2 protein chains.
Amino acid sequence: MSKSKSGKIKQNKASISRQEILNVAAKMMRDVGYSHMSLRDLAQKVDMKAGSLYYHFSSKDALVGEVMRVGVDIVSSAVIEELQTLPTETASHDRVLAAMHIHLRTLLSASDFSSAHIRCYPFVPEAVRQDLLDHRRSYDRIWTDLLTSHIRASNHKLTNEEQQAKVRHLRHAILGALNWSLEWFDEDRDDIQAYVASLEPLLGSR
Amino acid sequence: MSKSKSGKIKQNKASISRQEILNVAAKMMRDVGYSHMSLRDLAQKVDMKAGSLYYHFSSKDALVGEVMRVGVDIVSSAVIEELQTLPTETASHDRVLAAMHIHLRTLLSASDFSSAHIRCYPFVPEAVRQDLLDHRRSYDRIWTDLLTSHIRASNHKLTNEEQQAKVRHLRHAILGALNWSLEWFDEDRDDIQAYVASLEPLLGSR
DNA sequence: GTCTATAGCAAGATAGAC
DNA sequence: GTCTATCTTGCTATAGAC
């Protein structure tokens, strides 16, 4: 096992190689996509031969699945932690803004894994998508809860159905506008804070 | 030549096959991506053998490039036509809403080509992306002009630089929220008009 | 743990028959 | 215009040496 019961990573030889493989694979998936990432190229970049990868992963899809699982978990954890640091009395409007900010920052600066997940998800085999369902749903849940609180706080006259539709649309609009930034954001020119501010009107008047 | 000087398509045998190949290729690119779409599979779906495709296209990338070029042109033309039908006195706010609506409708109901373009663009070879630059820029230009008018109409105190940054962010936010719909929109459950309405706050007070 | 070597298959592309 | 046949290359994956 490469992890102890407490979850701490033992830095033995295997886990170091394994982690390096994952790091490079994430970058390649982000850049060239699922199908075009070959195990030969990947192995070369980590100074190995292709066959050696199978000591660490049982198949290409197992490796790809792990990259994508880490990708969603990184953003998920970052958002959860950020929300926990906010004072309990923080208005839901501000909680949503904080979540948007940390989602975007994690995506853009901290994680090839997350961008690999977002870009490759439509094209990986169905079996890989199935294995990701739980992790994706649990991240969706964070946003659904966050936005439900927000909608409730600012609008008391909706039926349950109307409320759910509104939350759903708002969630997709926000995550769409944020995730799409992978295709254009340039950290030298663009400012995360400014972009999030431009999305704030979606949340309605404060 | 498969087209006359006027641009009308002659329905000879070659152009029919060619069009059918493009239609099926668009659907495959949308579903499985650039790398995973094989010419053998494509040929089978149009009742041909792989080699025969080379009578119509000089390479896989030439075919892929044409699918994507058509994809952006379809949306571009649809938006241009829609804007022309609007009364000249139409407020820029409403012109933007109309453009959002037709962009989304074209993307979701009318064009495997456009969704193939959006999904595959990050992963096609650099040479293919280069060939698409002009067409993509000319579509971007439509939105930049549209949103510049809108920002000017609703805010007179910005410097040129601030205005351009605002337009740029707004454009990416809108197109991100619209294009991302490929990943979740279900025409049986979701309503285009309702989703566009939920994005309207991005445009500020009327 | 990583290597060499290779099996087994599928890809893009081409030549020439029809 | 389309087919058959094939070349060349590249892929995932496995077996067994070290």
Side-chain angles (χ1 to χ4, degrees), chain A residues 1-3 9-26 28-29 31-68 116 120 123-128 131, chain B residues 1-3 9-26 28-29 31-68 116 120 123-128 131:
Chain A
M1 304 293 277
S2 61
K3 292 186 183 182
I9 295 167
K10 290 182 188 168
Q11 292 294 345
N12 54 24
K13 196 172 179 187
S15 77
I16 292 174
S17 296
R18 186 184 158 86
Q19 189 57 50
E20 179 64 6
I21 292 167
L22 288 168
N23 290 341
V24 173
M28 291 181 72
M29 287 171 62
D31 290 342
V32 303
Y34 164 78
S35 299
H36 198 66
M37 176 191 73
S38 82
L39 300 186
R40 278 172 162 82
D41 286 351
L42 168 56
Q44 196 184 14
K45 286 190 212 290
V46 296
D47 292 311
M48 280 187 181
K49 301 297 174 178
S52 309
L53 298 173
Y54 286 82
Y55 175 81
H56 301 280
F57 301 93
S58 64
S59 69
K60 179 181 181 178
D61 284 356
L63 164 58
V64 163
E66 177 139 352
V67 167
M68 295 178 74
C120 294
F123 300 136
V124 296
E126 179 59 27
V128 176
D131 286 347
Chain B
M1 302 295 277
S2 60
K3 291 184 185 184
I9 295 167
K10 289 182 190 167
Q11 291 294 346
N12 54 25
K13 197 171 177 187
S15 77
I16 293 175
S17 296
R18 187 185 157 86
Q19 190 57 50
E20 179 63 7
I21 292 167
L22 288 169
N23 291 341
V24 174
M28 290 181 72
M29 286 171 63
D31 290 342
V32 304
Y34 164 78
S35 299
H36 199 65
M37 176 189 73
S38 83
L39 299 186
R40 282 175 162 81
D41 286 352
L42 168 56
Q44 197 184 10
K45 285 189 213 289
V46 296
D47 292 313
M48 280 187 180
K49 300 296 173 180
S52 310
L53 297 173
Y54 286 83
Y55 174 80
H56 301 280
F57 302 92
S58 64
S59 69
K60 178 181 182 178
D61 283 355
L63 164 57
V64 162
E66 178 140 350
V67 166
M68 295 178 74
C120 293
F123 299 136
V124 296
E126 179 59 26
V128 176
D131 287 345

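Note that the coordinates shown come from a computational prediction; the quantities given were computed from them, not determined experimentally. Reminder, nothing fancy here: chain letters follow the sequence lines and each chain counts from 1.
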* Qualifying residue for side chain to side chain contact (heavy atoms under 4.5 Å, CB included) with B/Ile21, from B/Val67, B/Ile16, B/Leu53 ->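 The passing option is B/Leu53.
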
Using every non-hydrogen atom in the two residues, find where [X] and [Y] come nearest and quote the distance to one decimal.
{"X": "B/Met68", "Y": "B/Cys120", "result": "CE-C, 4.2 Å"}
{"X": "A/Arg18", "Y": "A/His56", "result": "NH1-O, 3.2 Å"}
{"X": "B/Ser59", "Y": "B/Tyr54", "result": "CA-CE2, 4.0 Å"}

Short N/O separations, protein against nucleotides 13-15 of chain D, under 3.5 angstrom:
| residue | atom | partner | partner atom | Å |
| --- | --- | --- | --- | --- |
| D/dA13 | OP2 | A/Tyr54 | OH | 2.6 |
| D/dA13 | OP2 | A/Lys60 | N | 2.8 |
| D/dA13 | O5' | A/Tyr54 | OH | 3.2 |

* To the nearest 0.5 Å, how far apart are CE in B/Met28 and NZ in B/Lys45? ->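 The CE atom of B/Met28 sits 5.0 Å away from the NZ atom of B/Lys45.
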
* To do: Please round to the nearest 0.5 Å and tell me the distance separating atom CE of B/Met29 and atom CG of B/Leu22.
  =>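 Separation between the atoms: 10.0 Å.
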
Show me, pair by pair, the donor-acceptor contacts under 3.5 angstrom made by side chains of residues 34-44 of chain A, not counting sequence neighbours?
| residue | atom | partner | partner atom | Å |
| --- | --- | --- | --- | --- |
| A/Tyr34 | OH | A/Asp61 | OD1 | 2.5 |
| A/Ser38 | OG | A/Asp41 | N | 3.1 |

* To do: Walk along DNA chain C from 5' to 3' and tell me the first and last nucleotide with an atom closer than 4.0 Å to a non-hydrogen atom of chain B.
  =>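 First-to-last contact on DNA chain C, by the 4.0 Å heavy-atom rule, is C/dA11 to C/dT14.
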
* To do: For D/dC11, take OP1 and OP2 only and decide whether either is under 4.0 Å from a side-chain N or O of A/Ser38.
  =>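 For D/dC11, OP1/OP2 do have a side-chain N/O of A/Ser38 under 4.0 Å.
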
